[in-house]
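What follows is one structure encoded as structure tokens, with my remarks underneath.
One is the number of the first residue; the rest follow in order along the sequence.
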Amino acid sequence: MSDLAYPIGRFKYEAGNTEKHHQAMDSIARFGAALEAVCRDINDEQLAWRYRPDGWTIRQVVHHCADSHSNGVVRFKLALTEDTPRIKTYDEKAWSELADNQLPIVFSLGILFGVHARWDALLKSMTPQDFEKRFFHPEHDREISLAEMTQLYGWHSNHHLAHIQQALGFKGKY
């Protein structure tokens, strides 16, 4: 089941790895358009397909990305403008069950396209010192740098693209 849950592997932060940092920035920059391309011809039946047993549907994955990545860019902005702010966490599973997750995915695709365009502009404007800025994550009980968050959200983008491609490949098996 691990391969189905983590089709590109688990996230591992590589501090100081410039190549991985730039790849993550590129993944963030391309995510809105890449997700739209993968979802372009998906119909309502396919939106209910899951990437693994008991996993989210394609619809839930797209809406989750809009929620997660909107929070992600806000966390970046907080860390850039405040001294090690304490961020607010949220219950991903509970959010995935709210009524707005039944809306057409076009609304979340629009959010993601805009969020990622703005996030890309923000990342490209940051200095090396900016990437060392941090916020405190109460769920993990530690400070997290924006360098680590860049790699995490680059991975998260590719992780969920792979989930959608996996669900489509399974053709409704789950």
same_hphob_cluster([X], [Y]) at 4.5 Å side-chain heavy-atom cutoff:
X      : Y      : result
Ile8   : Tyr6   : yes
Ile28  : Leu152 : yes
Tyr153 : Phe113 : no
Trp155 : Leu35  : no
Trp56  : Tyr174 : no

Kindly write out the residues that satisfy ring pair (Phe, Tyr, Trp, His ring centres under 6.0 Å) with Tyr90, not counting sequence neighbours, or none if the list is empty. Trp95
More than 12 heavy atoms of other groups within 6.0 Å of Asn43 CG: yes
Report yes or no: does [X] contribute a side-chain atom to a donor-acceptor pair with the main-chain N or O of [Y] at less than 3.5 Å?
X      : Y      : value
Arg75  : Leu146 : no
His163 : Arg50  : no
Ser68  : His64  : no

Minimum heavy-atom separation for [X] and [Y], please, with both atom names.
X      : Y      : value
Pro7   : Ala162 : CG-CB, 3.6 Å
Ser108 : His63  : OG-ND1, 2.6 Å
Pro138 : Thr89  : CG-CG2, 3.9 Å

Side chain proximity check, [X] to [Y], heavy atoms < 4.5 angstrom:
X      : Y      : value
Asn101 : Arg59  : no
Ile42  : Trp49  : no
Arg118 : Lys77  : yes
Ile87  : Ile144 : no
Phe135 : Leu78  : no
Asp41  : Gln46  : no
Asp67  : Ser96  : no

Distance in Å, [X] [atom1] paired with [Y] [atom2], rounded so as to fall on 0.5 Å steps:
X      : Y      : atom1 : atom2 : result
His156 : Met149 : NE2   : CE    : 9.5 Å
Cys39  : Leu47  : SG    : CG    : 7.5 Å
Tyr51  : His160 : OH    : NE2   : 6.5 Å
Asn158 : Ser27  : CG    : OG    : 4.0 Å
Leu122 : Phe76  : CG    : CZ    : 7.5 Å

Phe31-Trp119 aromatic ring centre distance below 6.0 Å: no
Picking from Val62, Val61, Ile58, what satisfies side-chain contact (heavy atoms from CB on, under 4.5 Å) with Ile105? Val62
Would you please classify the geometry between the His116 ring and the His69 ring as parallel, tilted or perpendicular, with 30° and 60° separating the classes? tilted
Give every residue pair that meets the salt bridge (charged side-chain N to carboxylate O under 4.0 Å, His left out) criterion with at least one member in residues 121-144, sequence neighbours excluded. Asp120-Lys124, Asp130-Lys133, Arg142-Glu148
Which residue pairs satisfy the side-chain hydrogen bond (donor to acceptor under 3.5 Å, both in side chains) criterion with at least one member in residues 13-26, sequence neighbours excluded? Glu14-Asn17, Glu14-Lys20, Glu19-Gln23, Asp26-Arg30
